[in-house]
Each structure stands twice: as C-alpha cells, then as structure tokens.
Amino acid sequence: MKRVAMHIAAALAVAGVGAFTGAQAQEYPGGKPVQAVVPFAAGGPTDKVARELTMIMSKHLGTTIVIENLGGAGGTIGAKKVAQSKGDGYTILIHHIGMSTAPALYRNLGFDPLKDFEMVGEVADVPMVMVGNKQLPPATFKDLIPYIKANAAKLSLANAGIGSASHLCGLLFQSAIQTELTTVPYKGTAPALTDILGGQVNLMCDQTTNIAGQLKAGALKPYAAMQSRRVEAFKDIPTAAEQGLPGVEVKIWHAMYAPKGTPKPIIDKLSAALQKSVQDPTFRAKMAELGAEAVPAQRATPDSLRTFLTSEINKWTPVIKKAGVYAD
Ligand code: ASP
C-alpha cells in the first residue's frame, strides 16, 4: 500500500502535479521575486507596458517582479520559454496580440496559447501609428501612398519579427495598398526605432508606447493612426481612414499568463494584484500619457482573458490563412 502511494506520488511529481501543497500556495509569493518574461527587446512598447505595470503590481503582490527580455521570432521564443517553465507562480509572461496570431503564423510553434498557459488577465490596449523618418519626402499619409507605390523597391518597413504587432499592422497596410515593401525584422521595435531615426530603414507601424517621446519631440513623421478614431494623446495625427485608406485597424492588447499547472490560489493572487494595478491611478495616467489605455478591472481576470484570447485566435486565424503568410 505504502509502495503504491509512493509510486503515485512520484508519478504526480513527474507530471508537476502536487508540486505545491495548498499551504505553499497560500504563502505565495513569500518574499521570493517573480520573473516576468517580456518576449521583446528592452525599451520597446511591450517592455514599457510591462515595466509600468510591474512597478505598481510589485506593490500589490507584495514582492518584486523582475523583467526578463527574451526577444526574437515575433515574441514566440519568450512565450515558449514560459510555457515550458515550472508552474509555481515565479515565472509569468506579459505578451500582446501576438499570442493570438502565432498559432496561425507558426506551423511548429511548440506551444498552444490556450492549453499551455493559465490565464491571469488583460493589461492594456495600445494604438498604433505609421511613422517614417524625417528624410522621407511625403508630408502626409495621402502623399505617402503614391510615393510608396512609385518607390517600393527602395523603401523598407521595419517590424519586430513575424507575429509581432508591427508585422501585423505592416501586413494589413501592404495588402490595403497592394504593394510589397522590403521588410526588416528586429527583436523588438526599440532597436527598429533607432534605425528609423538613423535613416537605415524608412517606415514602421509602431505602438504609441514606444514612440510617444519622439512624436512629441517631432523626431518622426507621424503618417497615420491605424485605428478608427484618433488617438486621445495624439489628436493631431489623422487616421488612415480619414486619409483615404479605411479598414487598416489594429488594436494591440496586452495580457498576463502563467505556465499551465500554476495552482489556482496563486493565479487568484496574481489576478487580484493585476486588477488592483489596472485600476491604480498612477498606472492609468502613465498609460494615457503614452497614448494607451489600461483595461477595466473586469478584463483583468482569467475568465475574461480566456474568452478574449479564444475570440482573437478565431478572428486572426482565417485572416492569416487567407493571406498565406507563414513564419516557418
Ligand atoms: N510590441 C512590438 C511589436 O510587436 C514589439 C516590441 O515590444 O518591441 O511590434
């Protein structure tokens, strides 16, 4: 009997089940730091959302949350690492819309966003703006389109890899104007922005969380807001639709996940801390200043994220399949 019990315990331990006792989960986080993987380069848009959030959330969770930037392959490298991590609450993932597009873009993804993660909740929505370097001759988006059509061979469009927000936005844009540009992938839009400013690449569709400072300083040409209404913090930038190109709209949502098997009491603690953080006036104000919007508390929950992620996967899969784009 004792031997059977030992075998069962060993099998459960291998499966990672029961690695935590209820009491251990109750003690979480117990003063131990939590590592939040951001699957893009430091200083970029996803990193900015994550850093502002974790600064506040550390206080609500009662422990330090340390960010690890693990960029590459449109965010899939970092996400895969978290999917394969121990579900003990000390490794979490902060990712964006790419979580819903990767299954269609990567045939050998190596993880399933819905099956290999526990949902914690949504974080913030961030708009995108098409920007170019100051040396580009067109002054407006309306002028940019014929200019691109005439000079496509010598123009480049930066992105943060296949499946990144900048890639998706660029895809929609190129398909809307029926012109292909040379695309240049980076580990995140922070390094891409350096090259845009330096004139090594010409255009990029980026999140306002990355370019707010340069937009305010007039260091970039802001061609169009890629959403149906103007961005609150950048009201002077007209939308693509206002300038004759309707339908190119991408809202970049961000969310938090933990590896599959993370005990429910831990997920509940993470989600409660996330809900407090998204309501925190400092976080809300910081997001607004960067042109973004913290989600309401009811969206910062596991159930809401699961429903939303499922609907986003169902929305993007046929679009990507139809475009015939694959990353691998
Ligand atoms: N979120 C960016 C993108 O998908 C990448 C980044 O955070 O650097 O384009």
Side-chain angles (χ1 to χ4, degrees), residues 36-54 67-82 93-106 109 113 122-132 156-174 181 183-197 201-215 220 224-227 231 248-257 286-287 290-293 309 312 316 320 325 327:
V37 173
V38 169
F40 293 103
T46 314
D47 185 63
K48 290 219 176 85
V49 169
R51 279 181 203 270
E52 294 300 340
L53 174 75
T54 52
I67 290 184
E68 184 196 351
N69 296 93
L70 200 54
T76 57
I77 293 174
K80 189 172 169 183
K81 186 191 164 189
V82 177
L93 172 71
I94 301 175
H95 198 354
H96 66 16
I97 188 171
M99 195 70 161
S100 63
T101 55
L105 286 164
Y106 290 78
L109 188 58
E122 282 186 76
V123 176
D125 295 330
V126 184
M128 298 205 92
V129 173
M130 171 70 76
V131 292
S156 53
L157 180 66
N159 67 40
I162 295 190
S164 64
S166 39
H167 169 245
L168 283 177
C169 183
L171 268 188
L172 291 180
F173 173 68
Q174 291 173 91
L181 296 164
T183 51
V184 187
Y186 290 81
K187 281 196 172 172
T189 54
L193 182 61
T194 307
D195 281 4
I196 293 264
L197 293 167
V201 274
N202 307 113
L203 291 157
M204 176 161 66
C205 206
D206 202 2
Q207 290 144 88
T208 56
T209 34
N210 196 36
I211 48 178
Q214 284 80 4
L215 287 176
L220 291 165
M226 308 308 253
Q227 58 175 27
V231 178
V248 211
E249 293 167 18
V250 221
K251 180 189 75 174
I252 308 309
W253 55 273
H254 296 75
M256 182 178 284
Y257 309 83
K286 193 66 206 177
M287 287 297 101
L290 296 174
E293 201 177 345
L309 176 61
E312 284 286 287
W316 284 103
I320 294 164
V325 198

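Indexing begins at 1, ligand by ligand and atom by atom, following the structure's order.
When Tyr257, Phe40, Trp253 are each tested for a ring-ring contact (aromatic ring centres under 6.0 Å, His included) with His96, only one passes: Phe40.
Considering backbone and side-chain atoms together, Thr189 places an N or O closer than 3.5 Å to an N or O of ligand 1. Between Ser166 and ligand 1, a contact under 3.5 Å exists for at least one N or O pair. The shortest N or O to N or O distance between Ala165 and ligand 1 is under 3.5 Å.
Considering only non-hydrogen protein atoms, atom 3 (C) of ligand 1 sits nearest to Gln207 NE2, 3.3 Å. Shortest contact from atom 7 (O) of ligand 1 to any protein heavy atom: Thr46 OG1, 2.7 Å.
Crowding of Lys48 atom NZ: a count of heavy atoms from other residues, nucleotides or ligands under 6.0 Å exceeding 12. For Glu293, the CD atom counts as loosely surrounded, since its 6.0 Å shell holds 12 or fewer non-hydrogen atoms of other residues, nucleotides or ligands.
Heavy atoms of Lys187 found under 4.0 angstrom from ligand 1: none, in either backbone or side chain.
Looking only at side-chain heavy atoms (C-beta outward), Gln207 and Val129 stay at 4.5 Å or farther from each other.
Rounding to the nearest 0.5 Å gives a distance of 8.0 Å between CD1 of Ile211 and OG1 of Thr189.
Heavy-atom minimum distance, Asp206 versus Met204: OD2-CE, 3.5 Å.
Close contacts of ligand 1 with Ala160, meaning ligand atoms under 4.0 Å from a residue heavy atom, involve 3 (C), 5 (C), 9 (O).
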